[in-house]
**Q** 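Just dropping this structure here.
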Amino acid sequence: MQPRTQEFSKLAARALGDTQVQKALLGLQTGFDQARQRAILELTPEAWDRLRDRAREIRRHTLERLDYYVGLLADNVVRNGGAVHFARDAHEAAQIVLDIARRNGVKLAVKGKSMVSEEMALNHLLAANGVEALETDLGEYIIQLAGETPFHIVAPAIHKSQEEVAELFARKLGTPEGADAEALTRIARETLRQKFLQAGMGISGVNFAIAETGTVCIVTNEGNGRMSTSLPPIHVALMGMEKVTPALEDLGVFYRLLPRAATGQRATSYFTLVSGPRRNEDEDGPEQFHLVMMDNGRSRLLADPELREALFCIRCGACLNACPVYRKVGGHAYGWVYPGPIGAVVTPAMVGLPKAVALPFASTLCGACREVCPVKINIPRMLLKLRADAVEGAPGQRKASWYEGLTFRAWGRLMRSERTLARARGVAVFLQRPFSRDGWLQKMPLPLFYRWTRGRDFPTLARRSFHELWEDELRTSSPQVPPLR
Amino acid sequence: MKREEFLSAVRTALGGGADAPIPEYLPMMLRPADQRQKVVTIEARARARRSQLIVRLADMAARQGWKAYRAASPEDGMAYVVALAKEKGARSAVRSGHEVFQRLPLDAALRGQGVQVMPVALGPGVTREQLREAMARADLGITGADYAIAETGSVALLPRQGVSRLVSLLPPVHVAIVEAHQVYETLDDLWALRRMAFLEGNGDMGSYLSLISGPSRTADIEQTLVVGVHGPLEAHMVIMV
Ligand code: SF4
C-alpha cells in the first residue's frame with residue numbers, strides 16, 4: 001500500500017464532508033465503545049485493571065528480550081513441523097509469500113484478516129503474479145470488492161452503509177439489489193464457501209504467538225479464520241515480530257482483554273490455536289505450515305525507549321473508537337494501514353516521520369486513548385515525543401517553519417514579563433476590532449492565525465484581562481490575601 | 001533474510017549482546033511435578049463444584065449465542081438431537097469419533113429417523129476427499145468435546161483419531177455433546193491442562209485447539225449483528241448432566 005500520509009488534511013476534509021462516513025463514525029461510539037464499557041462492568045472494573053497491569057508486565061518482559069523469544073518461537077514452530085521465514089521489511093515478507101505460492105503452484109489463496117498483510121500490500125503482489133488472493137473476512141471482502149483500504153482495524157468496512165454494500169455486491173457479484181445485512185452476509189457465505197474448498201493456500205494473521213509451544217493464536221468471529229487454516233493444503237501465518245508472548249498462560253490475560261476491548265465480547269466465536277501442520281494421525285489440516293515474521297520498522301520502535309511501548313499494542317481498535325479526532329476524520333484520513341491514535345505512533349516508524357509528520361499532530365492529547373487501552377499504552381506522551389522530533393528535527397527531518405519559530409520566540413518574550421504582556425494585550429485588543437463579530441474572530445490575518453480560523457472561530461480577547469479583574473477583586477476584599485505583585 | 005541477521009538486528013535495537021542470560025518466566029519454569037499438582041487441584045475444584053459449573057456453563061453458553069440444553073439423561077440428550085434433526089429437516093449428518101458416542105447410540109437413533117450418518121473415519125473405500133465432501137454437504141455436524149469452559153460458555157476441540165475440525169465448521173448446524181466431567185471453570189484451567197499435555201507429550205500438544213464460543217457471527221455491515229457467516233448458522237450445546 002502506497003502511503004498517503006502526506007495528504008492528511010485533504011483526506012480529513014473529505015471525510016468531514018461525507019455524511020455517510022460521519023453517520024458511521026457516530027455509530028462507533030454507540031456500538032463498539034459502549035459494548036466495551038458494558039463488558040468491563042460485567043467483569044468488574046477492578047479485575048479489568050488487574051488484567052491490564054498484568055498485560056503490561058508481560059509485554060514489557062517479552063520486549064526486553066524479544067530476540068530470545070522470537071528465536072524460541074522459531075525453534076518450536078520448526079519442532080512442530082513448520083517452516084519459519086524472517087523478513088526485514090514488508091516487501092521482503094510479501095516476496096516470501098509469493099515464493100511459497102509459486103513453489104507449490106498455488107493459483108488461489110484465501111485470506112483471513114491480517115493487518116500485517118496490508119503493510120505488505122500482499123494482494124497486489126500476488127495478483128500481479130497470477131495468484132488470486134481473496135479476502136474472506138466479510139469486512140475485508142467488501143473492502144476488496146470496492147478497491148479500498150480498511151477504515152478501521154477491527155471493522156474494516158464500517159464506513160459503508162448497508163445500501164452501499166448491497167449496491168456493490170449487485171454490481172460485482174450480480175446479486176439482487178436492496179439486500180439487507182443478513183442477506184448480504186449469506187451471499188458472502190455462499191460465494192466464498194466454494195473458494196475455501198478450492199484454495200491452494202490459506203493466509204492468516206496472528207493475534208498472539210506462544211514462544212514456548214510454537215503456537216499461533218487467531219481470534220475470529222466469522223469462522224473464516226478456521227477455514228483458511230484448516231481447509232487448504234498450505235497455511236501461511238503472517239505476524240509482526242512483536243506479537244510473540246512467552247507462555248500458554250499469557251492467553252489467560254490477552255484473550256480476556258482483546259475481545260472485550262475490541263467488540264465488547266467476553267469471548268469471540270472462535271479462538272484458534274495452531275501448532276504446526278497436520279500430524280500424520282490427524283484427519284484434516286494443512287500439510288505445510290509457514291510462519292512469516294516481519295520487522296518492518298518495529299525494531300526502530302524497539303530501539304527508542306520512549307516509543308517501545310507502542311509495541312505493547314494488541315490491535316483492539318479501542319483507541320480509535322475513543323479518539324475525538326478519529327471519530328471525526330475516520331480511518332482513511334491517516335493515509336496508511338493503521339489509523340487513529342496508535343496509527344499516529346506506529347506509522348511514522350514504518351513509513352518514516354518526514355512523510356507522516358501530520359499524524360502526531362492529529363490529536364488533541366486528551367488522553368482518551370490511553371484510558372481505554374487494554375495495555376494502558378501512554379499514547380499522548382509518544383505523540384508529544386514525535387512532535388518534538390518533527391519540530392526540533394532529528395537529522396534530516398523537518399524543522400519548524402521560520403514564522404512558527406519566530407512566533408514562539410516572540411511568545412516566550414511576552415510571557416516573561418507581565419508588563420510586556422499587558423502592553424501587547426492592549427495592542428491586540430485594538431487590532432482585533434476590525435475582525436471581531438459578537439465576541440468571535442471569524443477570519444484572522446497571518447498564516448498561523450489564518451489556518452486556525454479557516455475551520456473554526458476564535459474567541460476575541462476580553463476587554464479586561466484576568467489580571468485586571470483580580471486587582472479589582474483584591475482592592476475590594478479582605479486585606480489578608482497577599483497582593484499579586 | 002537469515003534468522004541470525006534478523007535476531008541480531010533485534011538485539012542491536014535492544015542494545016544487548018548475544019550472550020545475555022536466558023530470561024526467567026514463571027510459568028515456563030514449573031516442573032512437571034508442580035504442574036501435575038496444579039492440575040490435581042483444578043480437577044478437584046471442578047469436581048466439587050460440578051453442578052454449579054454446569055448451570056454456569058449453560059447460562060454463559062446461552063449468552064454467547066449457543067442453544068444450550070441440559071439433558072437429564074442420555075436418552076433425553078439423544079431425543080433433543082433427534083428432534084433437532086427433524087425440525088431442520090436434516091437428511092445427512094457427520095459425526096466425529098469422540099468417545100461419548102461409544103456410550104450414546106446416537107447414530108442408530110438418527111438413522112431411525114431417516115438421517116444418513118457418516119462418522120469421521122478413514123478406511124477402506126473412504127478417502128479424505130470423500131470425507132471432506134460429506135462434511136461440506138451435511139446438514140448437521142455432531143461432535144463431542146474435549147473440554148467445556150463455564151467462564152466463556154465454550155467448547156474446546158482437539159485433534160484426535162476420528163475427529164475433524166471441519167465437523168464443527170462446515171455444516172450449517174453444529175451440535176456439541178458435552179459430558180459433565182469435561183466442564184471446567186475458567187480459561188486459566190484450560191491453559192493449565194494444556195500445559196500438562198504439552199509436558200506429557202514431550203513438547204507436542206497437538207496441531208490445533210479450537211475454542212468455540214457460539215455460532216459464527218459478524219457485525220461488519222453497519223455493526224448489525226448477523227449470526228451465521230462462514231461457520232455454522234446455529235450452534236447447540238447439549239450438556240449431559
Ligand atoms: S493502542 Fe491500545 S487501544 Fe489502541 S489498538 Fe493498541 S491495544 Fe488497542
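Just the heavy atoms: all of them, side chains too, but no hydrogens, waters or symmetry mates, feed the values below. Below, read A as the first sequence line, B as the second, and so on, with proteins coming before strands; counting in each chain starts at 1.
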**Q** Salt bridge between A/Asp284 and B/Arg165, side-chain N to carboxylate O under 4.0 Å?
**A**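 A salt bridge links A/Asp284 with B/Arg165.
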
**Q** Decide yes or no on side-chain contact (heavy atoms from CB on, under 4.5 Å) for B/Leu187 and A/Leu251, but give the supporting numbers first.
**A** CA-CA 8 Å; B/Leu187 288 172; A/Leu251 298 179; over 6 Å; no

**Q** Please rank B/Arg194, B/Arg63, B/Arg160 by heavy-atom pairs under 4.5 Å with chain A and give me the top one.
**A**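 Counting heavy-atom pairs under 4.5 Å, the top option is B/Arg63.
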
**Q** Considering residues at least two apart in sequence or located in another chain, which fulfil the ring-ring contact (aromatic ring centres under 6.0 Å, His included) criterion with A/His61?
**A**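 Partners of A/His61 under the ring-ring contact (aromatic ring centres under 6.0 Å, His included) test: A/Tyr69, B/Tyr25.
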
**Q** Could you tell me which portion of A/Arg308 (side chain, backbone, both or neither) has an atom closer than 4.5 angstrom to a non-hydrogen atom of chain B?
**A**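 For A/Arg308, side-chain heavy atoms alone lie under 4.5 Å from chain B.
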
**Q** Evaluate the side-chain proximity of B/Leu166 to A/Glu283: yes if any heavy-atom separation is below 4.5 Å, no if none is.
**A**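 The answer is no; the side chains never approach within 4.5 Å.
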
**Q** With a 4.5 Å heavy-atom cut-off, do A/Tyr270 and B/Leu211 have their side chains touching?
**A**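 A/Tyr270 vs B/Leu211: side chains apart.
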
**Q** Could you look at A/Leu28 and say if it's the side chain, the backbone, both or neither that has a heavy atom under 4.5 Å from chain B?
**A**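 Contact with chain B is through both the backbone and side chain of A/Leu28.
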
**Q** Given B/Glu222 and A/Val165, is the side-chain contact (heavy atoms from CB on, under 4.5 Å) satisfied, shown in steps?
**A** CA-CA 10 Å; B/Glu222 287 193 11; A/Val165 179; over 6 Å; no

**Q** By a 4.5 Å heavy-atom criterion (distance strictly below it), what part of A/Leu197 contacts chain B: side chain, backbone, both, or neither?
**A**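 For A/Leu197, backbone and side chain are both near chain B.
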
**Q** In residues 135-158 of chain B, which residues are in contact with chain A at a heavy-atom separation under 4.5 Å?
**A**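 Under the 4.5 Å heavy-atom cut-off, B/Ala136, B/Glu151, B/Thr152 qualify.
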
**Q** Side chain, backbone, both or neither: which part of A/Tyr255 has a non-hydrogen atom closer than 4.5 Å to chain B?
**A**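 Contact with chain B involves the side chain of A/Tyr255 alone.
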
**Q** Mind checking the OG1-CZ spacing from B/Thr186 to A/Arg256? Nearest 0.5 Å is all I need.
**A**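 Separation between the atoms: 5.5 Å.
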
**Q** Keeping B/Arg132 on the side-chain end and A/Leu231 on the backbone end, is there a donor-acceptor pair under 3.5 Å?
**A**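 Yes.
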
**Q** Look at the rings of A/Phe271 and B/Trp191 and say which category their plane angle falls in: under 30° parallel, 30 to 60° tilted, over 60° perpendicular.
**A**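 Ring orientation, 0 to 90° scale: perpendicular.
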
**Q** Of all heavy-atom pairs between B/Pro27 and A/Glu249, which one has the smallest distance, and what is that distance?
**A**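 Smallest heavy-atom distance, with atoms named: CB-OE1, 3.6 Å.
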
**Q** Do B/Ser210 side-chain atoms and A/Thr272 backbone N/O form a donor-acceptor pair below 3.5 Å?
**A**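 Side chain of B/Ser210 to backbone of A/Thr272, a donor-acceptor pair under 3.5 Å: no, none is there.
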
**Q** Where the side chain of A/Arg65 meets the backbone of B/Pro21, is there a donor-acceptor pair that is under 3.5 Å apart?
**A**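 Yes, because the side chain of A/Arg65 sits within donor-acceptor range (under 3.5 Å) of the backbone of B/Pro21.
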
**Q** Strictly by side-chain hydrogen bond (donor to acceptor under 3.5 Å, both in side chains), give each pair with a member in residues 210-220 of chain A just once, sequence neighbours left out.
**A**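 Of all non-adjacent pairs touching residues 210-220 of chain A, those that pass side-chain hydrogen bond (donor to acceptor under 3.5 Å, both in side chains) are A/Glu212-B/Arg195, A/Thr213-A/Thr215, A/Thr215-A/Ser275.
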
**Q** Testing the 3.5 Å rule here: is there a donor-acceptor pair between the side chains of B/Ser168 and A/Arg226?
**A**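 There is such a pair between these side chains.
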
**Q** Could you check B/Ser207 against A/Arg279 for side chain to side chain donor-acceptor pair (under 3.5 Å), going step by step and ending with a plain yes or no?
**A** CA-CA 7 Å; B/Ser207 59; A/Arg279 312 290 193 261; 4.9 Å; no

**Q** Look only at the side chain of A/Arg88 and the backbone of B/Ala9, and say whether a donor-acceptor pair between them is shorter than 3.5 Å.
**A**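 Pair absent, no side-chain N/O of A/Arg88 close to backbone of B/Ala9.
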
**Q** May I ask you to name which of B/Arg11, B/Gln161, B/Lys2, B/Gln64 has the most heavy-atom pairs under 4.5 Å with chain A?
**A**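 Among B/Arg11, B/Gln161, B/Lys2, B/Gln64, the one with the most close pairs to chain A is B/Gln64.
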
**Q** Sort out for me which of B/Leu190, B/Val227, B/Val226 touches chain A most, counting heavy-atom pairs under 4.5 Å.
**A**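 Option with the top pair count is B/Val226.
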
**Q** In terms of heavy-atom proximity below 4.5 Å to chain B, should A/Glu92 be classed as side chain, backbone, both, or neither?
**A**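 The answer is the side chain of A/Glu92.
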
**Q** Sub-3.5 Å donor-acceptor pair from the side chain of B/Gln223 to the main-chain atoms of A/Gly27, do we have one?
**A**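 At least one qualifying donor-acceptor pair exists.
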
**Q** Which one, B/Leu26, B/Leu170, B/Thr224, leads in non-hydrogen pairs under 4.5 Å with chain A?
**A**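 If we count pairs closer than 4.5 Å to chain A, B/Leu170 comes out on top.
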
**Q** With a 6.0 Å cut-off (strictly less than), is the heavy-atom count around CZ of B/Arg91, excluding the residue itself, greater than 12?
**A**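 Open.
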
**Q** Mind checking whether B/Leu14 and A/Asp67 have side chains closer than 4.5 Å, heavy atoms only?
**A**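 Touching, per the 4.5 Å side-chain cut-off.
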
**Q** Contact part of A/Asn80 toward chain B, heavy-atom cut-off under 4.5 Å: side chain, backbone, both or neither?
**A**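 The side chain, not the backbone.
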
**Q** Would you mind checking which part of A/Pro277 comes under 4.5 Å of any heavy atom in chain B, side chain (CB onward), backbone (N, CA, C, O), both or neither?
**A**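 Backbone of A/Pro277 only, per the 4.5 Å heavy-atom cut-off to chain B.
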
**Q** With a 4.5 Å cut-off on side-chain heavy atoms, are A/Tyr141 and B/Asp220 touching?
**A**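 They are not in contact (no side-chain heavy atoms under 4.5 Å apart), so the answer is no.
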
**Q** If you take all heavy atoms of B/His230 and A/Arg193, which pair is closest and at what distance?
**A**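 Heavy-atom minimum between the residues: O-NH2, 3.0 Å.
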
**Q** Given a strict heavy-atom distance threshold of 4.5 Å, which part of A/Leu302 is in contact with chain B: side chain, backbone, both, or neither?
**A**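 Both parts, backbone and side chain.
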
**Q** Does A/Leu248 reach the side chain of B/Met205, with side-chain heavy atoms less than 4.5 Å apart?
**A**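 Side-chain contact under 4.5 Å: yes.
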
**Q** Below 4.5 Å from any heavy atom of chain B, which atoms of A/Gln265 appear? Answer side chain, backbone, both or neither.
**A**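 The answer is the side chain of A/Gln265.
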
**Q** For B/Gly228 and A/Thr185, work out which heavy atoms get closest and say how close.
**A**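 Of all heavy-atom pairs spanning B/Gly228 and A/Thr185, the closest is O-CG2, 3.8 Å.
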
**Q** If the condition is side-chain hydrogen bond (donor to acceptor under 3.5 Å, both in side chains), which residues does A/Arg300 pass it with, not counting sequence neighbours?
**A**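 A/Arg300 satisfies side-chain hydrogen bond (donor to acceptor under 3.5 Å, both in side chains) with no residue once adjacent residues are dropped.
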
**Q** Relative to chain A, which of B/Gly231, B/Ser216, B/Gly16 shows the most heavy atom pairs under 4.5 Å?
**A**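 Most heavy-atom pairs under 4.5 Å with chain A: B/Ser216.
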
